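Here is the structure we will look at.
Just so it is clear, the values below take in all heavy atoms, side chains as well, and ignore hydrogens, waters and symmetry mates. As the structure is a computational prediction, the values presented were derived from the model and not from experiment.
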2 protein chains.
Amino acid sequence: MHSTDADKAYRRIKELIITTKMPPGSVIREAELMETLALGRTPIREALKQLQSENLVVVASRRGMFVSDVAITDLQKIYEVRVELEGLCVRLAVERAASMQLQQLKKVMARYHTGDKLNHSFLLTLDRQFHQLIAKAAGNHFLYNEFELFYNLSQRIWYLAVDRLNPQDVDIETHFKILAAMKAGDGVLAEQYMREHIRHFHQTIRNYL
Amino acid sequence: MHSTDADKAYRRIKELIITTKMPPGSVIREAELMETLALGRTPIREALKQLQSENLVVVASRRGMFVSDVAITDLQKIYEVRVELEGLCVRLAVERAASMQLQQLKKVMARYHTGDKLNHSFLLTLDRQFHQLIAKAAGNHFLYNEFELFYNLSQRIWYLAVDRLNPQDVDIETHFKILAAMKAGDGVLAEQYMREHIRHFHQTIRNYL
DNA sequence: TTCAATAACATAAGGTCAATATATTTATAC
DNA sequence: GTATAAATATATTGACCTTATGTTATTGAA
């Protein structure tokens, strides 16, 4: 399975934007990215166009491209959609998740006990995997696409505040509650925990911003 | 305000796909679209790439592009997300809608009384405008983007069944109930009606499919 | 009948040229 | 001399066209 240059460009630029290595509002020069990534104009352009539709890049016709800005109000807007989306995810996951998928969740959470609880990037990876597995387990690829979009937007804002954040701010504990509710087959409770978890995440960031 | 060729191509091809003039599963040839739309290869490609990210086009690398297929299960998947998304839209709209936006809704609904109730395309236009106004009134452009995506997917399936549908199947009545609840400031009730409305829409189509 | 070589075809990528928005400079009027 | 406006230079994306590459179907021989 070969991935195209356009896809490589897409993934790399997306990573740069989410981690704020390309900070919000900064100018994007096609020529610069062509050099940096050692790729042609076409794949770069396609990647940027895709990122535009994901609200990570803004294109001003014949003026320039920019990493999309992050308004203070964006956090609220992203949060209020994430809560619904991922609430739905976990509710559906309880109905549809195969036992294998629950096992995967358990395995991911087991890493929490062995890993470095003070390492930001470790905790973030864990959180992403957890949410991704649940979104996958919902068995709805349309929903999964939306989940990815909003999780990315959310994560970028997290990176904006990362220097001021404490590791214990990452609320991994609720993951265990969610998982327990899922195993018990209680979709309503699992959703409630998920909503709390996401609300906590966003409120923590808001306090530091 | 000039729109680019790529944007024109995007809008025209999207319309062709949603109205099933380009039916699900059919082959898309870049060269053919270049002739039909009298545009170059670049804008066509950009449009198709964008439509790919909206689940309307499937690109098989170096093999061909296709209008995305519609599985029977897609209706359910799209429905279950639409219900949440638009439920949230109307709930937020009740909190945030300016009085001008409520007036616009009223104006759109007034057309229902004067228009041709047996004309499918008229009713569909009305329905779209109604849902769009509410989604806009929610004051969250991230959410609005998602709304558009899922409404489009939903509408395409509607077109698949249009020949077997009766005009009275289009449940415009509930629009009035939603509007009334909105004016009364009852977000919970408005959301409940919206969910019913969307459920009704999808169940009707399912019966004919 | 099966497998390998090849031809045909479609997208992927590269590079050039064109269009346009913005900044800069220059000329003119007051 | 200064301010305003027109003209021009520059920078950046938009579009086009050519070439490369990979996939599939076909054809022919073992």
Query raised in the report: Is there a donor in the side chain of A:Arg156 and an acceptor in the side chain of A:Ser68, or the other way round, less than 3.5 Å apart?
Result: yes
**Report entry** Length of the CG-P vector between B:Leu33 and D:dC16, whole Å
**Finding:** 14 Å
**Report entry** Distance-only side-chain donor-acceptor flag, A:Glu46 / A:Gln50, under 3.5 Å
**Finding:** no
Report task. Would you mind reading off the distance between B:Ile44 atom CD1 and D:dC17 atom C1', rounded to a whole angstrom? Result -> 15 Å
Query raised in the report: Excluding sequence neighbours, so at least two apart, what forms salt bridge (Lys or Arg N to Asp or Glu O under 4.0 Å) with A:Glu32?
Result: A:Arg29
Requested in this report: Could you check B:His131 against B:Asp127 for side chain to side chain donor-acceptor pair (under 3.5 Å), going step by step and ending with a plain yes or no?
Outcome: CA-CA 6 Å; B:His131 288 266; B:Asp127 187 74; 3.2 Å; yes
Report task. Using atom CD of A:Glu32 as one end and atom P of D:dA11 as the other, report the distance to the nearest whole Å. Result -> 15 Å
Report summary line: Its contact letters, B for base, S for sugar-phosphate only and - for none at protein heavy atoms under 4.0 Å, make nucleotides 10-16 of chain C read SBBBB-B
Query raised in the report: So, is the end of the B:Arg82 side chain (NZ or CZ) under 6.0 Å from the ring centre of B:Phe201 and within 45° of the ring's axis?
Result: yes
